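Both counts, for ligands and for their atoms, begin at 1 and track the order of listing. Every value quoted in this text rests on a predicted model; they were computed, and no experiment measured them.
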Amino acid sequence: MGILFKNGTVITASDMVQADVLVEGEVVTLIGKNIDAGGHEVVNCKGKYLLPGGIDVHTHLELPFGGTVSNDDFDSGHKAAAFGGTTAHIDFVIQPKGGSFHDGLRTWREKARPAQIDYGFHMAVTDLRPEVMDEIPSLVDEGVTSLKLFMAYKNVFQIDDTTLFKTMQKAAENGMIVMVHAENGDVEATLTPSLLAAGKTDPKWHAASRPPEIEGEATNRAVMMSGLTGCPLYVVHMTCEPAIEALRRGRAQGYPVMGESCTQYFFLTAEKHLGAPGFEGAKYVCSPPIRTPHDHKVLWQAVRDGTLQAVSTDHCNFWFEGGKGPWREWAQANNGSNWVAYEQQDPSYRRPGKELGMGNFAKIPNGMPGLEERMMVMWEHGVNQGRISPMRFVELMCTNPAKIFGMYPKKGTIAVGSDADIAVWDPNKRHTLSVSNTHMRTDYIVYEGWKVKGKPVQVYLRGKKIVDGDQWLGCNGDGQFVPRKPYAPVL
Ligand code: URP
Ligand code: ZN
Ligand code: ZN
C-alpha cells in the first residue's frame with residue numbers, strides 16, 4: 001500500500017500541473033490524472049500545491065566559530081528546516097587545522113547522528129598540506145564532491161591564492177565543485193583595526209569594515225581562477241552589485257561559474273538593521289554584511305535573469321542575550337588535530353552569543369537564523385509579489401541546488417523514481433513569523449512579525465510524514481546522509 005496525493009497541483013522547475021502522485025516506499029512511482037485509489041492511503045490535496053522538499057545547500061549547524069558554537073544542531077535545526085518545507089541540506093565540515101579532511105568528516109558524522117532530515121557535507125579546506133591535497137580524490141568516494149574555501153576570516157579560516165588555485169586544479173581533475181566565501185580578508189583585517197581605533201565599535205561599523213568592493217574583488221578573483229582552471233565555481237552568499245557583476249561577466253565569458261544569495265540579503269539593510277539602536281544591530285551581523293535597497297534590487301534581477309542559480313540561508317545562529325543550555329560543547333584538542341565534543345558540566349555555564357562583541361563589532365559572532373523561514377519568505381516576496389513564477393521558485397529552492405551539488409534527480413524534483421520528499425503547500429495559509437512560534441533554537445528571528453501567505457502544511461521525507469500542521473512526527477535517525485555524484489552539471 002502506498003500514499004496517493006490526490007487533486008493537488010504539482011510544481012516542478014518546468015511545470016505546474018494538476019496531477020495525482022503515488023508514493024510507494026520511499027519514492028514516487030506514478031504521476032498522472034485520476035490514479036485509482038485502490039487500497040492506498042489518500043491525502044486530499046485539493047487547493048494545495050505539491051512542491052519538492054526544499055534543499056538548503058548552505059548551513060552551519062553546531063559550528064564552533066567566533067569564540068562560541070552556533071546553536072542549532074542536527075536535531076533542532078532539522079525540525080526547524082522541515083517545518084519550513086526543507087527536507088535536505090548540505091552543511092560545511094571544517095577541516096581542523098593540523099588535521100585531515102577525514103578528521104573533520106568524523107566530527108561532522110558524529111554531529112549528524114540525531115539527523116531528522118537528509119543531509120550532505122561540503123568540505124571546507126583550511127590547511128592544504130601536501131598529504132591533505134592527496135586526500136581530495138578520496139572525498140568523492142565518500143560522497144563529498146564540493147570543496148569550500150574562505151577568502152576572508154584572516155587567521156581563522158582564510159586561505160591564500162595559492163591554496164585556492166591548487167584546490168581548483170585538483171577539484172577540476174576529480175569532477176568536484178569549488179565554493180568560495182568571497183571577501184578580501186586582508187583588506188578587512190586592515191580596515192577593522194582603524195575603525196576600532198577611531199572609536200567606531202558599534203555593530204553598524206561591521207558594514208564599513210567589509211564594503212562591497214572587497215566582495216566584488218574577491219568574487220572577480222575566484223571567477224578568473226575558475227576560467228583559468230576550468231573548475232566549476234559556486235560563489236556563496238552573494239550580496240551586492242560589484243560581486244554580481246563579476247559573476248555576470250564570468251558567465252558571459254563562458255566560465256563555469258554559478259552563485260547563490262541568501263534570504264536575508266534580499267530584505268535587510270545595514271542602515272536600518274545593523275544601525276538599530278543600542279546593541280540590537282548585533283542580531284544582524286553576518287559576513288558579507290547586509291547592504292542597501294539598491295543591492296536588493298540587483299539580487300532580485302539576478303535571480304530573475306539567471307545570473308544567480310539558488311537561494312539558501314547560511315543559517316548560523318547565535319544567542320542574542322547569551323546563554324540557555326548547556327548543550328554539548330566542542331573544543332579543539334591541544335594538538336589541534338580535531339574537534340572533540342564534551343558535555344559541559346557546570347550548571348551555571350551559559351553558552352556565549354552575540355554579546356561577545358559588545359564594545360567591539362569585530363568580536364560579534366557572525367551569522368543569523370533563517371533555516372525555517374527561507375521558503376515562506378521567498379514565496380511571499382518572490383511568488384506572491386510577482387517577482388518570480390512558482391516554477392522559478394522551485395528551481396531556486398529545490399531543483400538547482402540538487403543539480404549543482406550532484407543530488408538530482410534523487411532530490412530536487414517530483415518525478416517517477418525520485419525520493420518522495422514532498423511539501424504539501426497551502427498557498428492560502430496565512431502565518432506570522434515570530435520567535436514565539438519558531439522551531440529554531442534561537443532567542444530572536446530577523447523577520448519578526450512578518451506576515452506570509454503560503455506555508456507547508458504537511459511535509460514528507462522519503463514517503464514518511466514528518467510534519468503535520470504543528471505536529472512533529474519525525475524521529476532521530478530518520479535523516480540519511482546523501483552521497484553526491486561528481487561531474488554535476490554546470491548551470
Ligand atoms: O556570517 C556568516 N556568514 N557566518 C557563517 C560563516 C560564513 O561565512 O558563511
Ligand atoms: Zn561565508
Ligand atoms: Zn556560511
Side-chain angles (χ1 to χ4, degrees), residues 56-73 77 81 89-95 104 108 119-126 146-159 164 178-185 188-189 192 203 205-207 209-210 212 214-215 218-219 222 233-240 243 259-266 268 270 273-274 281-291 310-320 353-354 356-357 361-371 374 401 405 440 442 444 446:
D56 187 343
V57 298
H58 190 157
T59 63
H60 302 281
L61 300 181
E62 236 182 339
L63 174 71
F65 189 44
T68 183
V69 178
S70 64
N71 275 337
D72 273 311
D73 56 23
H89 73 114
I90 312 184
D91 207 74
F92 292 88
V93 175
I94 309 287
Q95 176 206 358
W108 257 257
Y119 61 94
F121 293 135
H122 309 291
M123 178 59 67
V125 180
T126 61
S146 39
L147 296 165
K148 160 83 176 286
L149 297 110
F150 291 91
M151 300 169 80
Y153 303 130
K154 199 167 170 66
N155 301 323
V156 184
F157 296 146
Q158 185 175 331
I159 47 76
L164 176 56
V178 160
M179 311 164 78
V180 288
H181 170 135
E183 286 183 296
N184 186 319
E188 177 277 317
T192 295
W205 296 105
H206 174 72
S209 73
R210 311 180 93 107
I214 74 168
E215 189 184 333
T219 303
L233 173 73
Y234 181 90
V235 185
V236 300
H237 51 40
M238 300 187 71
T239 71
C240 61
E260 66 167 29
S261 190
C262 303
T263 325
Q264 58 272 22
Y265 294 117
F266 292 83
L268 309 182
H273 295 93
L274 274 180
K283 291 178 176 173
Y284 308 96
V285 166
C286 60
S287 295
I290 50 174
R291 306 272 189 204
V311 177
S312 38
T313 60
D314 194 9
H315 179 83
C316 187
N317 58 327
F318 300 99
W319 294 124
F320 178 58
K354 295 279 185 179
L356 285 170
F361 70 81
K363 293 200 169 148
I364 299 170
N366 281 205
M368 61 175 77
L371 186 49
R374 178 183 69 127
F405 290 101
M440 299 181 292
T442 183
Y444 74 98
V446 301

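The closest heavy-atom contact to atom 6 (C) of ligand 1, among the options H60, H181, H58, comes from H60.
Shown in contact with C286 at under 4.0 Å from a heavy atom are these atoms of ligand 1, numbered in order with element: 1 (O). Of all atoms in ligand 1, numbered sequentially from 1 with element shown, those under 4.0 Å from a heavy atom of S287 are 1 (O), 2 (C), 3 (N), 8 (O). Atoms of ligand 1 lying under 4.0 Å from any heavy atom of H237, numbered from 1 in the order shown and given with element: 8 (O), 9 (O). Ligand 1 places these atoms under 4.0 Å from at least one heavy atom of C316: 5 (C). Close contacts between ligand 1 and Y153 involve ligand atoms 1 (O), 2 (C), 3 (N), 4 (N), 6 (C), 7 (C), 8 (O) [criterion: under 4.0 Å to a heavy atom].
Residue, atom and distance of the protein heavy atom nearest to atom 4 (N) of ligand 1 are N366 O, 3.0 Å. Considering only non-hydrogen protein atoms, atom 3 (N) of ligand 1 sits nearest to D314 OD2, 2.6 Å.
Ring geometry for F150 versus Y153: interplanar angle of 30 to 60°, hence tilted.
Note that NE2 of H58 and OG of S261 are 10.5 Å apart. Values are rounded to the nearest 0.5 Å. From H60, atom NE2 reaches atom OG1 of T313 across 8.5 Å, with rounding to the nearest 0.5 Å. For the atom pair NZ of K283 and CG of L274, the computed distance is 13.0 Å after rounding to the nearest 0.5 Å. Rounding to the nearest 0.5 Å gives a distance of 12.5 Å between CE of M368 and CZ of F320.
When the salt bridge (charged side-chain N to carboxylate O under 4.0 Å, His left out) test is applied to R374, no partner is found at least two apart in sequence or on another chain.
Evaluated for a side chain to side chain contact (heavy atoms under 4.5 Å, CB included) with K354, the options W319, Y284, Y444 yield exactly one hit, Y444.
The number of protein N, O or S atoms lying under 2.8 Å from the Zn ion (ligand 3) is 3.
The closest side-chain donor-acceptor pair between H315 and D56, if any, does not fall under 3.5 angstrom. Under 3.5 Å, the side chains of E188 and T192 contain a donor-acceptor pair of N or O atoms.
Ring to ring, F405 and H122 are close: their centroids are under 6.0 angstrom apart.
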